[in-house]
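Data first, discussion second: the structure below is written as structure tokens.
Below, chains carry the letters A, B, ... as their sequence lines are ordered, and counting in each starts from 1.
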Amino acid sequence: MSKVEGVSKVESVSKVKGLQTFPGNRIIWHALIVGVVWLLLLLLNNNIDPLYSSYLALIAMYATAMFGMTILVGLSGQVSLGNGALMAVGGYVFALTSMNWETVPIFGWQWNAIWSMVFAGLGGVLVGGVVGGLAARLKGPYLAGLTLGLAVGVPAITNRFPELLGGENGLMLTVPYPDGGYAAAGAAASLDPGAEGELESTTDPGGDQNGELATDDQFAELDLSEFDQETDPDAGLATEDLLTEEDFGSGDQLADGDLLTEEDFGSGDQLGLDGTDIGTDIGTDAGTDIGADLNVDSDSLLDGFDSGFIIERWQASMAIAVACIVAFAALNLVRGRQGRVWKAVRDDPIAAAVVGISPSGSKVSAFVVSSLFAALAGAVFAQILSFIGPGAFGLGLSLSLLVGIVLGGRASLLGAILGAILLVWLPELVDGLAGERGWPEQITNNAPNLLYGLLVVAVVLAAPGGVTGTIRSWVDKARGKARSPLS
Amino acid sequence: MTNFIDYLLGGFSNGAVIALMALALVLVWRSTRMVNFAQVGQAMFTTYIALTVQQSTGNWVLALVVALLAGSILGVVVFFLVIRPVKNSDTTGAIIATFGVLIALQAGAGMIWGGDPEGFVPPVDNAGLEIGGRIWPVSLYDLLVLAVTAVLVIGLTLLFTKTSLGLSMRASAFNPEVARLSGVRVNRMLITGWAIAGATGAIGGVLIAPFSTISPNSFDILLVFAFTAAVIGGLDSLIGAVTFGIGTGLVISLVSGYSDSGNAPIVALVLLALNLLLKPDGVFGHHGSRSV
């Protein structure tokens, strides 16, 4: 009797061991999951308003950084406020290295960008290794305090080296956009020119401009092929000026008072633009105020249309690529041996040491991995902003990462994604509400943070597992299993 | 050399305020064994309240008293709403919760008072005194700050060493179980600790506001300095907090004088990192042991 039991036990152990020594199975599954999500996200990116693409880019960027927070805070149990600073490290390394590389576009991404990403990651690993080495000796509040110092200190360091790092003003980035345009980006196979753009231009074939902007409240479509065929370039000066590549592509480059930015088109209702208004303006000639405000030559306009390049889309596809690669790495780490090691040290460092795990080694490795992810996210963020400066990477960014990870679910990668969505979506929600209700700016600007702060406290008190942890504990309850919300 | 003395003298009042904030952190640590990262947020909030009082009445002493009361009430509120429910369940969560409070307080202050920096008019002249034919880097207001700090530190020392309340607080900080068995109302002591910490931080906030301006985020850097001082002092030593608070103030003043005030956070970070590496329990701290 006892013999039989013993045999079956040995068998089950060897089965488990087999699973551990040949993890190929798991890695293939993870690759499949990430690949499918990647594809779906690219499809989504190509079929939504570029305004939403810019949100998608931000979400992917936050998620990249927060996968690192999942590992550091959730699995390894080290509260870090320094990840915003580590993002700054990545951003600055990217900015400094991307300036001096040869530009060779491959797969729509110039090699200098990829090299710079590699260096940004290395910079993150280096700084993370140093901080992690310190951090491994510390516990709880000491670590939080040290990383708080890092968050406050790193922006100060940029002021220390104003020539190199641009001081308070930061550095402008020449973002290495693909030369061949978005169509050459490989990811744009499904790009249908007819479905792209923002304006529906029913131009008069006779050459007289009756350009009409049919901006519906969400997003109007521009039938590009129609535009190309029917527009007479000589007669349509105003329209051409209006429909420049830059205007479509980047809201961020248009801070200088240009009238019709991409965002404006995206939400025509905000500006009270309706088709007829603009139609009449265009219908007159270049002398009207819209035409006068824009002075971009028509060549760049047509180039822009030929390639269908939309900066938001490119930014989103770049951020999604980085996020997916990082997610794949994180999945393998979290669900593999290393994930169990991190949790073991978090739950009881002494017990972990007894079974042969080095607690400090585990803490340092968590720190290094999260720094790598943070630095990559920082490099992506710098490219999205086409700028890097201490203001954007201060304590506030570190705190947002902490907020996101806590609300989404501290110990889950899905929680990191949910947290990233919440970080981008909540301020927009509040903005929308404020617009409807007419709240003063003072309230609107602070409402998201007030909500974040209160939500963090509420989540820690009532549902420490965040969204994913709580849902998982419900599922477990329904199945009759009991598990810690942070496991 | 005169420069050196000037910088050193100029650092004392700043150091006194850092010492107060560090004291607040230490008081909380002694009562609940956790670092209240919302401490400067609470101080910022009560300083805004004091600013409102001073602007409407013009009375600085009244503003200080209101800040003191508001600070202790806010400390107790934070303790009851956030710290007590979370404390025992989840140490990581407790740290995160204090940051949640910090974020909410800063946003709340931004909502009520706006984000623009506001000046806090000192009750006495803040220009360097002229004694013996030269202008010293010490103003009448600096002396007031030092005096208030001294009174507060002496009062706290007397409270902890000479009164039965202080003894009970020390007992419940040292060993809550035994203290409870000896008839000390430990919970009440925790509340008292948070109230005193809140009041101390509030006074620190009101004192430091006239040196620059006040805005919802303006005390962030103070948190780093105070944490540095408290940790170097050992986190549970009142003397350590005061000593290294003033010490940090002097170092910052020297760094700002000889190079640039922007370097101060870097120096604080280096000091903190060195201390945590070389003497993780602080200079005045006790080495803790842990049972398995």
Side-chain angles (χ1 to χ4, degrees), chain A residues 73-74 77-79 81 131 133-134 137-146 148-157 159-160 167-168 346 348 350-351 354 394-396 399-400 402-403 405-406 410 442-443 445-462 464 486, chain B residues 25 29 33-37 41 81-82 85-86 89-115 216-217 220-221 223-225 227-228 230-231 235 259-260 262-273 276-277 280 290 292:
Chain A
V73 181
Q78 308 182 76
V79 180
L81 287 156
V131 180
L134 277 169
R137 299 171 60 100
L138 311 173
K139 53 178 195 272
Y142 291 96
L143 175 63
L146 180 70
L148 180 80
L150 193 68
V152 177
V154 160
I157 290 171
N159 286 331
R160 184 77 193 76
E168 198 83 59
R346 174 197 67 185
D348 196 330
I350 292 175
V354 167
L395 183 59
L399 283 173
S400 336
L402 192 66
V403 167
I405 198 73
V406 170
R410 241 186 276 167
Q442 199 163 312
I443 304 280
N445 289 345
N446 291 295
N449 274 344
L450 186 66
L451 271 175
Y452 287 144
L454 297 178
L455 279 174
V456 162
V457 173
V459 163
V460 167
L461 291 184
L486 295 177
Chain B
L25 292 177
W29 177 263
R33 294 283 139 188
M34 60 179 295
V35 174
N36 180 14
F37 288 102
L81 289 185
V82 182
V86 80
S89 58
D90 175 8
T91 45
T92 310
I95 297 170
I96 294 171
T98 61
F99 279 111
V101 174
L102 177 67
I103 297 170
L105 280 174
Q106 289 184 340
M111 271 190 181
I112 301 171
W113 291 286
N217 297 309
D220 284 357
I221 188 72
L223 176 61
V224 175
F225 294 150
F227 181 79
T228 305
V231 167
L235 258 190
S259 61
D260 181 87
N263 291 337
I266 304 172
V267 172
L269 184 62
V270 170
L271 279 180
L272 185 60
L276 290 172
L277 262 185
R290 180 188 179 280
V292 184

- Heavy-atom distances under 4.5 Å only: say whether Leu395(A) touches chain B with side chain, backbone, both or neither. side chain
- Query: Who among Val406(A), Leu81(A), Leu150(A) has the most heavy-atom pairs with chain B under 4.5 Å?
  - Reply: Leu81(A)
- Asn263(B): side chain to side chain donor-acceptor pair (under 3.5 Å) partners, not counting sequence neighbours: Ser259(B)
- Message: Which one wins on heavy-atom pair count under 4.5 Å against chain A: Gly115(B), Ala97(B), Pro265(B), Gly110(B)?
- Response: Gly110(B)
- Would you check if Leu143(A) and Val79(A) make a side-chain contact, meaning some heavy-atom pair closer than 4.5 Å? no
- Message: Please classify the contact of Val403(A) with chain B as side chain, backbone, both or neither, using a heavy-atom distance under 4.5 Å.
- Response: side chain
- Task: Look at Thr228(B), Val224(B), Asn217(B) and state which one has the largest set of heavy-atom pairs under 4.5 Å with chain A.
- Result: Val224(B)
- So, the side chain of Gln442(A) versus the backbone of Met111(B): is there a donor-acceptor pair under 3.5 Å, distance only? yes
- Message: Side chains of Leu235(B) and Val35(B), heavy atoms from C-beta outward: is any pair under 4.5 Å?
- Response: yes
- Message: Does any backbone or side-chain atom of Leu81(B) lie under 4.5 Å from a heavy atom of chain A? Answer side chain, backbone, both or neither.
- Response: backbone
- Could you look at Ala447(A) and say if it's the side chain, the backbone, both or neither that has a heavy atom under 4.5 Å from chain B? both
- Side chain, backbone, both or neither of Leu402(A) within contact of chain B (heavy atoms, under 4.5 Å): side chain
- Note on the structure: Counting heavy-atom pairs under 4.5 Å with chain A, the top scorer among Ile96(B), Ile95(B), Thr92(B) is Ile96(B)
